[in-house]
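So the structure is just underneath, and the comments pick up after that.
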Amino acid sequence: MKMNLRKTHPLIKIFNNSLIDLPTPSSISSLWNFGSLLGLCLTLQILTGIFLAMHYCPNIELAFNSVAHICRNVNYGWLIRTLHANGASFFFICLYIHIGRGLYYSSYNLKETWMIGVTIFFLVMATAFLGYVLPWGQMSFWGATVITNLVSAIPYLGTSIVQWIWGGFAVDNATLTRFFAFHFLLPFIITAFVIIHLLFLHQTGSNNPLGTMKNIDKIPFHPYFTYKDILGMLIMLFLLTFLTLYSPYFLGDPDNFTPANPLVTPAHIKPEWYFLFAYAILRSIPNKLGGVIALVLSIAILYIMPFTNKKKFNSTQFYPINKLLFWSMFTTILLLTWIGARPVEDPYIFIGQLLTVIYFMYYIINPMIHKMWDNLIF
Amino acid sequence: MAASVGRICKTALLKSPHVPTIKQVCSLSTSTREWTRGRKAFLGTIGMLAGGTGALLFALDRSVRASDLELHPPEHVWSHTGLFSSLDHASVRRGYEVYKQVCAACHSMRFIAYRNLVGVSHTEEEAKAEAEEQMITDGPDDQGNMYKRPGKLSDYFPSPYPNEEAARAANNGAYPPDLSYIVSARHGGEDYIFALLTGYCDAPAGVVLREGQYFNPYFPGGAISMAQALYNEAMEYSDGTPATASQLAKDVSTFLKWTAEPEHDDRKKMLIKSIGIFTFLIVLTYYVKRVKFAPLKTRKIEYRPKEK
C-alpha cells in the first residue's frame, strides 16, 4: 500500500511531524499559544524589517531623514514602520508571557529547550536594542551611549572593548552602520535558534498544565492546535493593528522625534518599556560593574532554573506558597518597570533597590519553599 | 457565533448533553461558589492589600510629580482624538495660515512640501499659488550659477534661516526648532503646544530671567526665548473665523498635529476596516475552533479496572 506523501517525503514529513501529526497534550491551555505567537512576531518583524531596509540609510546624516522619508513618502511606509516598532513591543509581551508560563508550569525541566530559549531571549534583547538606535533620534543616540558604555565597566579591557564596539571614540557613524548590519543579521540567527528550540521541544513533547506524564493523553496538532493557534494569531494581530492604527507612538518616547544631538543630553534617558525592569536593576547598584553584573544576571539567572528547582510536582498550582511567590515576582517586575521609567531620585532609588533584592530573592527562596512543601506532603 | 449565542443563552449548543460529563465538569469547577469562607476572606484581604499598595504607590508618584517646577499641560478634548475621528481640516487650513503668518518667521518645517497640502487643507490650485509665493533657490544653471525661481508643488517649505548658526545669531543664541515633528516630539503633544502658546505670564517672585527670555510655566525650566506670539486679533483668518488667541493656538496645534502625522486620517480609516475584518475572522475562527474541540471537551474518561 502506498504511504501518504506527507509522511514519507523527506522534506514534507518534517513539517508533518511539526505541524500536523505532532502528538500534543490535550490539556494545554491558551498560555501555550505564545510560542506560535512568537513565531508570528519574528516573521512579522523580519518581513517589515526587510521593507524598511529597502529605504533606510544607515548614516548619521541621513538616518533620521530616511525614517521620516519612509513615514511620509513611501507608500504605506508609516504602516510598515509603526508595525515594526510596535511589533517589537508585542514580541516582548509574548516573550514575557511565554517565559512566565515556563516558570509557572516548570517547563524549564525540558533542559535543552529552556537553555536555547533563554539564549533566544538574550538575542532578541540585543536585536531590539540595536534596532532602537537606528532611527537616530535623541533617545536612540543617548540610549546607545549609555548601554555601550556599560561594557567599559569590565576591568582592564573595558575601555578598549567599548571603543572597538563603537568603531571610534564615541557613538558615531561607524557605530550606526555596524548596528544596522547586526540588527539585520541577528533575526536570521534567532530563526536558526528557534529551529533548534523546536527540535529539542519535539524530542520530548510539550509540557502541560498538570505536569503529568506526557504520553497519557495526546492528540494530533492538526486540526486542534492549528485552529487554536490561528485564533491566537488573529487576536494578537488585531491588538497589534489596533495599537498601530489608533495610537502608533503610544509606547515610544517623544525625545526620539528630535534628531540625535551629542551636545544636548535629554533630561531622562530611558530605554523602551520592555527593558525598564532590567534598567531599574542596573541603576539600583551604586557600583558600575556591580550594576552591569546585576543587569546580566537578571536574565542569565533563568539558566539555573532547571538545576535549582527539583520537585515532585511540575506545576506551581500544586504549591500554594510558591504560587503566591510567583505572583509577587510578577508584581515586582511590574514595579521595577515603573521604577525604570522614574528619574534617579528618592524615593525611587530606595524602592528600586528593595525591588531588586526581592527580584533575586525569588530565585533563592522559590526552590526552598518547593522542597519544604514536598517534605510536608510526602 | 453559535458558541457566543450559546454562552449568552446558557444553552451549550456545542456541548454534549451527556449528564455524566456535565456532572464531572461541575465537580471540577473552579468558580468562586466552591470557595470556603476562609479562602474568600484570605483572597479578599490579599486583593485589598494589593489594591491599597498600588493606590499608595500611585498617590506617591503623583505627589512627587506635583512637586515638579514645571506645569503639566491640561488634557483637552481634541476633535481628532476619538477612535474614528479625523482631523478638523478647516482647522488645519487655519493653522497653516497661523504658521505662515506667525511661526514661519523663525521656525522651519523641513519635512512638509506644498504638495502635501493638496487634498488636506488646500486644492491643487491653491497649493500651487501658495508655493509660487515663495522664491526658491535652485540650480546650478548651465553657467554653474544658483538662481531663484517661484516655488512649485514639489518644493518643501523654505527655512527662514540658511543654517543653525544663522538661526541662533538671530534669536539671542536660541535655536527655534523645526516644527514638522514638534507635536510628536514633546510630552503632551498638541496639549503641550496649546498650553505653551497660551500660557505666557509674568514670572513669579524669585525667578530671574536673562535678557531676551520670557516666563512660561509649561516650558521646561520656565525660561523660554520665544516671546508670546499669539494675541487676540493678531491676524485675520481667510474664512472669517474670529482670531482669538486661543483659536489661533488651537488651529496651529491641529495643523502641527497633521504635520507630525500626515497619515492620521488614512490610519483611522484603516482602523475601521481592520476592526471589521478582524472581528469577522476572529468570530469565525473561534467558532471553527470550538467545533473542532467540542468532541474532545465533552468526552468522558472512565477508569475500568481489570476484572480478576
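These values consider heavy atoms only, across backbone and side chains, with no hydrogens, waters or symmetry-generated copies. The sequence lines fix the lettering, A, B, ..., with proteins before strands; numbering per chain opens at 1.
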Does any backbone or side-chain atom of [X] lie under 4.5 Å from a heavy atom of chain B? Answer side chain, backbone, both or neither.
X         : result
Leu334(A) : neither
Tyr249(A) : side chain
Pro259(A) : side chain

Rounded at 0.5 Å granularity, tell me how far [atom1] in [X] sits from [atom2] in [Y].
X         : Y         : atom1 : atom2 : value
Arg290(B) : Leu231(A) : CZ    : CG    : 11.0 Å
Asn256(A) : Ser184(B) : CG    : OG    : 11.5 Å
Leu271(B) : Thr241(A) : CG    : OG1   : 8.0 Å

[atom1] of [X]: more than 12 outside heavy atoms within 6.0 angstrom?
X         : atom1 : answer
Tyr175(B) : OH    : yes
Glu61(A)  : CD    : no
Tyr161(B) : OH    : yes
Phe84(B)  : CZ    : yes
Asn163(B) : CG    : yes

Give every donor-acceptor pair under 3.5 Å between a side-chain atom in residues 186-193 of chain B and any protein atom, sequence neighbours left out.
from: Glu190(B); atom 1: OE2; to: His80(B); atom 2: NE2; distance (Å): 2.6
from: Asp191(B); atom 1: OD1; to: His76(B); atom 2: N; distance (Å): 3.0
from: Asp191(B); atom 1: OD1; to: Trp78(B); atom 2: NE1; distance (Å): 2.7

For [X], is it the side chain, the backbone, both, or neither that has a heavy atom closer than 4.5 Å to a heavy atom of chain A?
X         : result
Ala260(B) : backbone
Leu83(B)  : both
Ser85(B)  : neither
Ser180(B) : both

Fill in: Contact leader toward chain B among Pro343(A), Gly252(A), Pro248(A), Pro223(A), where contacts are heavy-atom pairs under 4.5 Å
Pro248(A)
Worksheet item: Based on non-hydrogen pairs under 4.5 Å, which of Asp255(A), Ile235(A), Thr82(A), Thr226(A) is most in contact with chain B?
Response: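 Heavy-atom pairs under 4.5 Å are most numerous for Ile235(A).
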Mind checking whether [X] and [Y] have side chains closer than 4.5 Å, heavy atoms only?
X         : Y         : answer
Phe257(A) : Ile182(B) : no
Tyr246(A) : Arg267(B) : no
Pro262(B) : Arg72(A)  : yes
Leu234(A) : Phe280(B) : no

Worksheet item: Relative to each other, are the rings of Phe238(A) and Phe278(B) parallel, tilted or perpendicular (30° and 60° limits)?
Response: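 Plane angle between 30° and 60°, so tilted.
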Worksheet item: Hey, what's the ring geometry for Phe111(B) with Phe64(A), parallel, tilted or perpendicular (30° and 60° as the breaks)?
Response: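 The arrangement is tilted - the two ring planes meet at 30° to 60°.
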Practice prompt. Could you tell me which non-hydrogen atom of Cys71(A) sits nearest to which non-hydrogen atom of Tyr181(B), and how far apart they are?
Written response: CB-OH, 4.4 Å
Item to complete: Flag the one option from Lys269(B), His264(B), Lys292(B) with the top tally of heavy-atom pairs under 4.5 Å to chain A.
Response: Lys292(B)
Worksheet item: Using a cut-off of under 4.5 Å for heavy-atom pairs, which of Ile46(B), Asp178(B), Asn116(B), Thr259(B) has the most such pairs with chain A?
Response: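 Option with the greatest count: Thr259(B).
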Worksheet item: Under the side-chain contact (heavy atoms from CB on, under 4.5 Å) criterion, do Arg110(B) and Asn65(A) qualify, and how do the steps go?
Response: CA-CA 10 Å; Arg110(B) 65 193 179 106; Asn65(A) 291 357; 3.2 Å; yes
Result block: side-chain N/O donor-acceptor pairs under 3.5 angstrom for residues 323-333 of chain A, not counting sequence neighbours:
from: Ser328(A); atom 1: OG; to: Leu324(A); atom 2: O; distance (Å): 2.7
from: Thr331(A); atom 1: OG1; to: Trp327(A); atom 2: O; distance (Å): 2.7
from: Thr332(A); atom 1: OG1; to: Ser328(A); atom 2: O; distance (Å): 2.6

Fill in: Test of ring centre spacing under 6.0 Å for Tyr227(A) and Tyr287(B)
no
